[in-house]
Amino acid sequence: MVYFSNNKNISMKFKEEYAKLNSEQKKAVDTINGPVMVVAGPGTGKTQILTLRIANILDKVDIEPENILALTFTESGAMSMKKRLISIIGNDAYRVNISTFHGFCNDIIQKYPEYFTKIAGFKNIDEIKQIQILRKVLDGTEL
């Protein structure tokens, strides 16, 4: 497999996946500047489009991978995007910030708690408390 090289040549994997897109999907991938929101139903290629857009931006713009933020709703979507990006650009994919909205927001709150003092109970519970809550729920449930 050919990955992006230091001279930023686009990979064969990118070209193969890009060729499978329809014209509207290609438009989203080709949009280099500004945000893009992809709204579509399950299984329509949202993750693939966003992954290819990230690879395209990294190929065409002088930007470091850690300066890109990609947010999705599900952990499975975030993991899928990371795996796909690895297959297209290689190890630089590990430097791209790919997360769920919830995970990203939680990280911000944990890193900068001084800005979130008015959030009731903003402190995460520890693992022991989590287990106690789960036991209480499971003990009261017929399995």
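Heavy atoms only: backbone and side chains are in, while hydrogens, waters and symmetry mates are out. Just so it is clear, the model here is predicted, and its values are computed rather than measured.
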Side-chain touch Thr31/Arg53, heavy atoms, less than 4.5 angstrom: yes
If I take atom OG from residue Ser99 and atom CE from residue Met79, how far apart are they, to the nearest 0.5 angstrom? 12.0 Å
Report the C-alpha distance between Thr47 and Arg84 in whole Å, list the side-chain angles of each, state the deciding distance to 0.1 Å, and finish with yes or no for side chain to side chain contact (heavy atoms under 4.5 Å, CB included). CA-CA 9 Å; Thr47 302; Arg84 290 175 189 209; 4.2 Å; yes
Does Asn22, at its CG atom, have more than 12 non-hydrogen atoms belonging to other residues, nucleotides or ligands within less than 6.0 Å? yes
Does Ser11 reach the main-chain N or O of Ile89 with its side chain, forming a donor-acceptor pair under 3.5 Å? no
Would you say Leu71 and Thr100 make side-chain contact, with heavy atoms under 4.5 Å? no
Quick check: does any side chain N or O of Gln25 sit under 3.5 Å from a backbone N or O of Thr44, one acting as donor and the other as acceptor? yes
Non-hydrogen side-chain atoms of Ile54 and Met81 separated by less than 4.5 Å: yes
Before you tell me yes or no, could you show the steps for Gln130 and Ile133 under side chain to side chain contact (heavy atoms under 4.5 Å, CB included), namely the whole-Å CA-CA distance, both residues' side-chain angles and the distance that decides it to 0.1 Å? CA-CA 5 Å; Gln130 289 175 21; Ile133 291 170; 5.9 Å; no
Would you give the length of the straight line joining atom CD of Gln48 to atom OG of Ser80, rounded to the nearest 0.5 angstrom? 8.0 Å
Are the side chain of Arg95 and the backbone N or O of Glu64 linked by a donor-acceptor pair below 3.5 Å? no
Nearest 0.5 Å please: distance from the NZ atom of Lys111 over to the CZ atom of Phe116. 12.0 Å
For the residue pair Asp107 and Tyr112, confirm or rule out a side-chain donor-acceptor distance under 3.5 Å. no
If you count heavy atoms of other groups shown closer than 6.0 angstrom to CG of Leu134, is the number above 12? yes
Strictly below 4.0 Å, N to O, side chains only: are Glu16 and Lys13 in salt-bridge contact? no
Interatomic distance, CD1@Ile131 vs NZ@Lys129, rounded to 0.5 Å, equals 12.0 Å
Note, Lys26 side chain near Val29 side chain (heavy atom, < 4.5 Å): no
Phe14 and Ala55 have their tightest heavy-atom pair at CD1-CB, 3.9 Å
Indicate yes or no: at least one non-hydrogen side-chain atom of Leu58 is less than 4.5 angstrom from one of Asp92. no
Under a plain distance cut-off of 3.5 Å, with no hydrogens placed, do Asn56 and Lys60 share a side-chain donor-acceptor pair? yes
Can you sort out the partners of Glu75 under salt bridge (charged side-chain N to carboxylate O under 4.0 Å, His left out), two or more places apart, ordered by chain and number? none
Non-hydrogen atoms of Ala28 and Ile49 that approach each other most closely: CB-CG2, 3.7 Å
Using a 4.5 Å cut-off on heavy atoms from C-beta on, say whether the side chain of Leu21 contacts that of Leu52. yes
Is the backbone N or O of Ala93 less than 3.5 Å from a side-chain atom of Lys82, with the two atoms forming a donor-acceptor pair by type? yes
For Lys27, which residues count as a salt bridge (charged side-chain N to carboxylate O under 4.0 Å, His left out) partner, sequence neighbours excluded? none
Any pair with a residue in residues 48-95 that passes ring pair (Phe, Tyr, Trp, His ring centres under 6.0 Å), sequence neighbours left out, goes on the list, sorted by first then second residue, please. Phe73-Phe101
What is the distance from atom CD1 of Ile88 to atom OH of Tyr18, rounded to the nearest 0.5 Å? 13.0 Å
